[in-house]
Visitor: 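Pasting a structure here, questions to come.
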Amino acid sequence: MPELPEVETMVRGIRAHVTHRPIGDLVACANRCKPINIKPTLARLRKRVVGKTFQAVRRLGKRVILDLSDGSSLAIEPRMTGLVLLADPPDVEHLRLRWDFDGPGQYASFWFWDRRGLGTVTLFDQAALKARFALGTFGRDALEMTADHWVESCHKSAREIKVLLLDQKTVAGIGNLYASEILHRAGIHPGVPAKSLTPDALERLTQSVQFVLNKAIEYEGSTLGDGTYRNALNQSGRYQNEHRVYMRAGEMCSVCGDEEIVRIVQAQRSTFYCPMCQPESKGSGRKSGSDRRGFKPSNRKTGR
DNA sequence: ATTAATGTTCAGAA
DNA sequence: TTTCTGAACATTAA
């Protein structure tokens, strides 16, 4: 499920191969899959894209943005299982769209592949893109968040910190997997209200977001058990080997060695955490000492 | 054979 | 205003 590190890996993977090349055609792949959700229609998008070039490829939250030479931009949103590929798709059935380039180049085309078909491709003109991703309508990028920004985002909110982390309007790029990993490294219990976090906890959160996301980018993202996520050349990421809590319910915490990782459900999504490293009490002060022992997990489900 | 679970986003309701 | 719920989708585990 592509989150910030996976989408960043996609962007870096295709950038050199898709920019400044004339687009010869855009077609729906010939298989029984629907060509996913396209705005406007495929036919109209095709007319708007053919003959142009991509001037730049960048990331906005969890979307791949391709800036066209006429000032408009294409936003590819992988959602759960979408991939951009230069070659070697995981399978041919779930290829959805293909862009063909004219002229020389290492790869003649690139694809949007999506097993579940929740992904979207949307064309924005310059003004519409600006409006859609303006601060306030869309959150600041997770890698741009300073401690002051976190204070501003958290100090009024009654929501659980894990749920707030997932809100793309509050902060862009964090998804279910990295939310659990980030909070574990920060020593913050996922269920505490955002506004209860102390300045110290928010400082740790700031650092943890930077550390975890940058490390995950360095490792080219996480390819989970189902093997869905792949880079542009259909290679697995390597950050899954570094996960400390995600999908590790019932395992001993590798950091404290004293407690099993627990799975709970928040906002209909799985959360994983360590009751020892992430105490529930006030402001999640990790070093407060008084809550080192005697803590009871707030939820008893430990299955995976 | 049916049902639940999986994760992201958005529309619409509370 | 803020927060919550359900739908969309494909595949697999129970």
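Only this structure's heavy atoms are used, side chains among them; waters, hydrogens and symmetry mates stay out. Here the structure is a predicted model, which is why all the values come from computation and not from measurement. Letters A, B, ... are given to chains in the order of the sequence lines, protein chains preceding strands, and every chain is numbered from 1.
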Visitor: Rounded to whole Å, how long is the line connecting atom CG of Leu165(A) with atom P of dG7(B)?
Guide: 15 Å
Visitor: Does Arg248(A) use its side chain to pair, donor to acceptor, with the backbone of His243(A) at less than 3.5 Å?
Guide: yes
Visitor: On DNA chain C, compare the nucleotides closest to Gln268(A) and Arg116(A); which residue's is nearer the 5' end?
Guide: Gln268(A)
Visitor: Could you state the NZ-P distance from Lys162(A) to dT8(B), rounded to the nearest angstrom?
Guide: 9 Å
Visitor: Tell me the interatomic distance from Phe272(A), atom CZ, to dT6(B), atom C1', rounded to whole angstroms.
Guide: 11 Å
Visitor: Within this structure, what is the NZ-to-P distance between Lys62(A) and dT9(B), rounded to whole angstrom?
Guide: 4 Å
Visitor: Is Arg115(A) near enough to dG7(B) that one of its side-chain N or O atoms lies under 4.0 angstrom from OP1 or OP2?
Guide: no
Visitor: I want to confirm an ordering. Mapping Arg63(A) and Leu118(A) to their closest nucleotides on DNA chain B, which one lands closer to the 5' end?
Guide: Leu118(A)
Visitor: Does a salt bridge link Asp141(A) with Arg59(A), judged by any charged N lying under 4.0 Å from a carboxylate O?
Guide: yes
Visitor: Nearest whole angstrom, please: distance from the C1' of dG7(B) to the CG of Asp114(A).
Guide: 12 Å
Visitor: Across the strands shown, which category fits Ala267(A) at heavy-atom distances under 4.0 angstrom: base, sugar-phosphate, nothing?
Guide: nothing
Visitor: Would you indicate which nucleotide in dT8(B), dG7(B), dT6(B) comes nearest to any side-chain atom of Arg79(A)?
Guide: dT8(B)
Visitor: Are Trp113(A) and Arg230(A) side-chain neighbours, meaning at least one heavy-atom pair lies under 4.5 Å?
Guide: no
Visitor: Considering just the side-chain nitrogens and oxygens of Ser157(A), establish if one lies under 4.0 Å of OP1 or OP2 belonging to dT3(C).
Guide: yes
Visitor: Using the six-membered ring wherever Trp is involved, compare the ring planes of Phe110(A) and Phe101(A) and label them parallel, tilted or perpendicular (cut-offs 30° and 60°).
Guide: parallel
Visitor: Describe the nucleic acid contact of Gly175(A) in one word from base, sugar-phosphate, nothing, applying a heavy-atom distance below 4.0 Å.
Guide: sugar-phosphate
Visitor: May I ask you to decide if Ala249(A)'s main-chain N or O and Glu260(A)'s side chain share a donor-acceptor pair within less than 3.5 Å?
Guide: no
Visitor: Choose from dA10(C), dT8(B), dA5(B) the nucleotide whose nearest atom is closest to any side-chain atom of Met80(A).
Guide: dT8(B)
Visitor: For the pair Tyr178(A) and Tyr239(A), name the ring-plane relationship: parallel under 30°, tilted 30 to 60°, perpendicular over 60°.
Guide: tilted
Visitor: Got a donor-acceptor contact below 3.5 angstrom from the Glu3(A) side chain to the Gly173(A) backbone?
Guide: no
Visitor: Could you tell me the separation between the CG atom of Asn176(A) and the P atom of dT6(B), rounded to a whole number of Å?
Guide: 9 Å
Visitor: Can you tell me which nucleotide in dT6(B), dT9(B), dT11(C) comes closest to the side chain of Ser270(A)?
Guide: dT6(B)
Visitor: With a distance cut-off below 6.0 Å to the six-membered ring centre and an angular limit of 45° from the axis, does Arg132(A) pair with Phe124(A) as a cation-pi contact?
Guide: no
Visitor: What is the distance, to the nearest angstrom, from the CD atom on Glu3(A) to the C1' atom on dG7(B)?
Guide: 9 Å
Visitor: Using the C1' atoms of five pairs at each end, what's the angle between the two axes of the helix from dT2(B)-dA14(C) to dA14(B)-dT2(C), to 10 degrees?
Guide: 60°
Visitor: Without decimals, in angstroms, what is the distance between Glu181(A) CD and dG7(B) P?
Guide: 13 Å
Visitor: I want to check one thing: is the phosphate of dG7(B), taken as OP1 and OP2, less than 4.0 Å away from some side-chain N or O of Tyr178(A)?
Guide: no
Visitor: Is the distance from OP1 or OP2 of dT9(B) to the nearest side-chain N or O of Arg269(A) less than 4.0 Å?
Guide: no
